[in-house]
Number of protein chains: 2
Amino acid sequence: MKKITMQDVALKAGVSKSTVSQYINNRFEFMGASTKLRVEAAIKDLGYIPNQVAKSLKQKKTGTIGVIVANILHTFSTEIIRAIEDECERNGFHLFVCNADDQPEKERAYIDMLVAKQVDGLIIFPTNGNYDYYKQLKNAEFPIVFVDRMINEAIFPTLLLDNESASRIAVDQLVKKGKKKVGLVSTSITQHVTPRIERINGYKKAMAEYGLEIEEDWIIAQDKQEIGNRLQHLWDSANRPEAFFATNDLALIELLKFIKKNGLSIPADIGVIAIDDSPFLAIATPPISVIRQPTFEIGQDAAHTLLELIGSKDFKEEYEERRYLPILVERESV
Amino acid sequence: MKKITMQDVALKAGVSKSTVSQYINNRFEFMGASTKLRVEAAIKDLGYIPNQVAKSLKQKKTGTIGVIVANILHTFSTEIIRAIEDECERNGFHLFVCNADDQPEKERAYIDMLVAKQVDGLIIFPTNGNYDYYKQLKNAEFPIVFVDRMINEAIFPTLLLDNESASRIAVDQLVKKGKKKVGLVSTSITQHVTPRIERINGYKKAMAEYGLEIEEDWIIAQDKQEIGNRLQHLWDSANRPEAFFATNDLALIELLKFIKKNGLSIPADIGVIAIDDSPFLAIATPPISVIRQPTFEIGQDAAHTLLELIGSKDFKEEYEERRYLPILVERESV
DNA sequence: ACCACTTACTAAACCGGTTTAGTGCGAGGA
DNA sequence: TCCTCGCACTAAACCGGTTTAGTAAGTGGT
């Protein structure tokens with residue numbers, strides 16, 4: 001693996017590497033017509049590909065951004081990533097994608113790694129636990145955009161779902177179909193993850209507005225291994241819900257497993273609605289109603305916002321928190 | 001965003017940057033105990049993070065590899081990526097993941113980009129159309145591993161499923177349950193993609209061995225938008241299959257949509273078996289039997305093989321083609 | 001007192017580009 | 001004829017690290 005360098009091209013074309021560099025950067029006004037042709041030929045002959053690492057070092061930019069998702073297992077994450085990728089591609093940027101696996105230490109290690117690799121900016125689904133570190137990056141004027149979750153201060157632009165509206169829509173749907181005893185299934189809230197907290201709050205508010213009782217037992221917010229047991233326990237008790245609102249796709253899968261195991265029929269025995277869609281939900285039996293997040297829009301906006309931040313010189317003290325409206329997809333499960 | 005450099009640390013600690021460099025690389029034998037402490041303090045005080053780009057330039061290695069998947073929409077692709085990621089993480093490597101979208105030109109552009117970014121090696125799901133370019137990279141001794149698909153010469157290590165065995169298992173299952181009229185649903189084969197071709201051949205061989213007739217009409221290998229129409233057309237004709245073998249997840253989704261639309265019941269009206277699993281298939285109604293690929297193993301081996309290739313100096317003329325055994329997951333759809 | 005040897009450290013070249021200041025030359029103007 | 005200017009091009013510094021060769025000071029042996 002002996003690599004061709006600009007010097008090799010220069011030698012072959014009989015010019016200096018400065019001229020080759022100008023050629024590579026399409027600044028043809030710095031050379032004569034015949035020189036241009038000779039350089040062109042030399043590059044093609046040698047199969048020269050410029051070394052981006054050298055270029056990045058000198059120019060102090062890599063054309064690369066880092067994305068750290070809290071948990072890659074959510075379809076929400078993968079869809080956002082895809083949208084970010086598209087927007088970056090359009091602007092000649094490339095991506096390092098990292099999965100923090102909901103662990104703040106992992107997140108921190110990835111931030112360090114990405115900063116060391118000189119990414120031009122970061123899109124982070126923040127875990128709760130690196131506030132000081134974010135603050136430090138803020139001071140260094142490092143461009144960052146937060147997605148899906150908020151931290152206590154809006155030190156960077158933050159894009160996320162209007163979670164309370166999503167919950168309201170879910171409760172509306174269920175109530176409209178006569179389900180007054182509504183339970184909720186969520187993954188664990190021990191880490192105070194924004195969307196889960198807000199969705200639970202939204203659910204409580206909506207229930208209260210309908211004058212419906214909220215049984216604390218009906219709110220299951222556990223690690224996914226535990227959800228099945230809790231559901232079973234609740235189901236076996238005297239006071240069961242008639243419907244469940246699953247606040248994300250992982251919670252929904254656990255809910256569906258439980259329903260399958262108990263041979264229940266949707267929506268007759270139990271109504272179901274969830275946040276986050278998947279191609280399989282449309283062809284499930286019955287098709288599951290969901291509340292979609294505008295993932296494409298969020299991802300694209302996140303990338304766009306970050307690229308703007310990278311391009312601008314003035315850093316603000318505070319940034320806006322942008323909320324996105326959820327989209328109801330009515331199918332046959334409520 | 002004013003970055004701290006090694007020079008800043010050196011100044012603050014009152015040493016030369018050579019010494020700081022030695023410290024960063026844990027070569028403490030090159031400095032006295034007190035110096036070590038001063039450097040340590042300076043690094044912490046300044047929050048210094050070494051610039052990997054500069055390091056990469058000098059050392060001619062980036063600790064980064066590129067992965068180009070043919071089509072990211074297959075769960076197979078995402079699972080392989082996850083396994084590659086794990087193995088790389090364990091070895092301190094990072095990943096650029098690119099989606100060629102089944103287009104050779106896109107693939108080529110990504111290869112160029114990744115080579116320019118000085119990745120240490122590539123894992124490619126090759127599209128058919130860049131043979132000459134692969135050959136060129138081979139001559140330059142650039143480390144590459146192919147996954148999922150073969151090209152006509154084994155110029156790089158190639159890891160893929162034993163596709164004919166997978167088809168045999170599928171036919172076995174269907175026949176065992178009395179389904180003798182077996183159709184096949186695949187995505188398009190106009191690009192001669194290895195797994196699709198081999199799975200169709202395997203299906204034909206297996207059917208022949210059972211002495212079962214193969215109707216060319218029963219083999220649907222089309223772009224996914226077309227699959228539904230073809231299925232409907234076939235179903236409306238006089239001579240329908242009693243079961244379908246879907247050769248990948250995208251084909252399966254189209255098949256299930258068709259089944260849903262026609263209100264057919266699985267397996268009574270129509271038996272179904274597919275290659276590639278997904279969490280939803282286990283909770284589908286009825287649960288769908290599948291043939292899993294050992295994605296974790298393939299991905300891990302691919303990464304391991306590549307890292308070995310990167311570490312070694314001697315390049316072989318030819319490399320082995322490694323085949324992986326498919327795994328049957330019996331559920332209730334046949 | 002002198003030499004050899006270790007210890008602790010530094011200077012400077014190097015990686016492969018980019019970029020700025022500058023040079024040699026021929027043409028045009030006074 | 002001399003001066004100025006623009007054209008075509010180059011030399012060299014620079015980006016931020018790594019690495020090698022080298023040096024100054026101190027130690028121990030004879």
Side-chain angles (χ1 to χ4, degrees), chain A residues 1-40 42-43 46-64 112-113 115-120 140, chain B residues 1-40 42-43 46-64 112-113 115-120 140:
Chain A
M1 183 82 241
K2 32 149 221 303
K3 292 236 170 100
I4 308 295
T5 73
M6 191 169 265
Q7 187 60 63
D8 300 328
V9 176
L11 232 57
K12 173 136 191 169
V15 297
S16 74
K17 61 183 186 137
S18 319
T19 302
V20 179
S21 174
Q22 303 292 22
Y23 178 93
I24 289 293
N25 292 288
N26 296 310
R27 290 190 279 261
F28 303 124
E29 64 275 23
F30 291 114
M31 70 202 73
S34 72
T35 304
K36 181 180 164 191
L37 290 174
R38 282 198 334 276
V39 173
E40 197 164 296
I43 288 174
L46 296 173
Y48 170 63
I49 298 178
N51 183 330
Q52 274 289 341
V53 170
K55 179 171 191 158
S56 297
L57 177 59
K58 176 68 182 173
Q59 303 203 321
K60 293 160 171 285
K61 57 188 180 195
T62 53
T64 305
D112 274 342
M113 182 276 280
V115 168
K117 291 222 183 205
Q118 309 298 116
V119 293
D120 297 334
Chain B
M1 184 79 241
K2 33 157 220 299
K3 293 237 169 101
I4 308 295
T5 72
M6 191 169 266
Q7 186 63 60
D8 300 328
V9 175
L11 232 58
K12 173 136 192 167
V15 297
S16 73
K17 60 181 185 140
S18 318
T19 301
V20 178
S21 175
Q22 303 292 21
Y23 178 92
I24 290 293
N25 292 287
N26 296 311
R27 291 189 279 261
F28 304 123
E29 64 274 25
F30 292 115
M31 70 202 73
S34 72
T35 304
K36 181 181 164 191
L37 290 175
R38 282 196 338 274
V39 172
E40 198 164 295
I43 288 174
L46 297 172
Y48 170 64
I49 298 178
N51 183 330
Q52 274 290 338
V53 171
K55 179 171 190 157
S56 297
L57 177 59
K58 176 66 182 176
Q59 303 202 320
K60 292 159 172 287
K61 57 187 180 195
T62 54
T64 305
D112 273 342
M113 182 277 279
V115 168
K117 290 222 183 205
Q118 309 298 116
V119 294
D120 297 335

> In chain order, what residues pass the side chain to side chain contact (heavy atoms under 4.5 Å, CB included) check against B:Leu46, with sequence neighbours excluded?
Replying inline: B:Ile4, B:Asp8, B:Val9, B:Lys12
>> For B:Lys61, give me all partners under side chain to side chain contact (heavy atoms under 4.5 Å, CB included), at least two apart in sequence or on another chain.
In response: B:Gln59, B:Asp120
> Mapping B:Lys17 and A:Leu57 to their closest nucleotides on DNA chain C, which lands nearer the 5' end?
Replying inline: B:Lys17
> Taking atom NZ of B:Lys3 and atom CD of A:Gln118, what is their separation to the nearest 0.5 Å?
Replying inline: 4.0 Å
>> Testing the basics here: between A:Asn26 and A:Glu29, what is the closest heavy-atom pair and its distance to 0.1 Å?
In response: O-OE1, 4.4 Å
> Which pair of heavy atoms, one from B:Ile49 and one from A:Asp112, lies closest together, and at what distance?
Replying inline: CD1-OD1, 3.7 Å
>> I'd like the 5' and 3' limits of the part of DNA chain C contacted by chain B, with heavy-atom contacts below 4.0 Å.
In response: C:dA8 to C:dG16
Looking for any heavy atom pair under 4.0 Å, which part of the strands does [X] touch: base, sugar-phosphate only, or nothing?
{"X": "B:Tyr48", "answer": "sugar-phosphate"}
{"X": "A:Val15", "answer": "sugar-phosphate"}
{"X": "A:Thr5", "answer": "sugar-phosphate"}
{"X": "B:Thr35", "answer": "sugar-phosphate"}
{"X": "B:Lys60", "answer": "sugar-phosphate"}

> Bend across the helix from C:dA1-D:dT30 to C:dA30-D:dT1, to 10°, with axes taken over 5 pairs at each end?
Replying inline: 70°
> Which residue pairs pass the side chain to side chain donor-acceptor pair (under 3.5 Å) test when at least one of the two sits in residues 48-58 of chain A, sequence neighbours left out?
Replying inline: A:Asn25-A:Lys55
> Excluding sequence neighbours, so at least two apart, what forms salt bridge (Lys or Arg N to Asp or Glu O under 4.0 Å) with A:Lys17?
Replying inline: none
Protein N or O to nucleotides 21-26 of chain D N or O, pairs below 3.5 Å:
none

>> I'd like to check the ring-ring contact (aromatic ring centres under 6.0 Å, His included) partners of A:Phe30; sequence neighbours left out, ordered by chain and number.
In response: none
> Considering only heavy atoms from C-beta outward, does the side chain of A:Ser21 approach that of A:Ile24 to under 4.5 Å?
Replying inline: no
> Considering residues at least two apart in sequence or located in another chain, which fulfil the side chain to side chain donor-acceptor pair (under 3.5 Å) criterion with B:Lys36?
Replying inline: none
> Excluding sequence neighbours, so at least two apart, what forms side chain to side chain donor-acceptor pair (under 3.5 Å) with A:Thr64?
Replying inline: B:Lys117
> Which pairs, with at least one residue in residues 2-25 of chain A and sequence neighbours excluded, count as a ring-ring contact (aromatic ring centres under 6.0 Å, His included)?
Replying inline: A:Tyr23-A:Phe28
>> Here's a test of your reading of the structure: between A:Gln22 and B:Lys55, which maps to the more 5' nucleotide of DNA chain D?
In response: A:Gln22
> Heavy-atom contacts under 4.0 Å between residues 24-34 of chain A and DNA chain D, which residues?
Replying inline: A:Phe30, A:Met31, A:Gly32
>> Please check: side-chain N/O of B:Arg27 versus main-chain N/O of B:Gln22, any donor-acceptor pairing under 3.5 Å?
In response: no
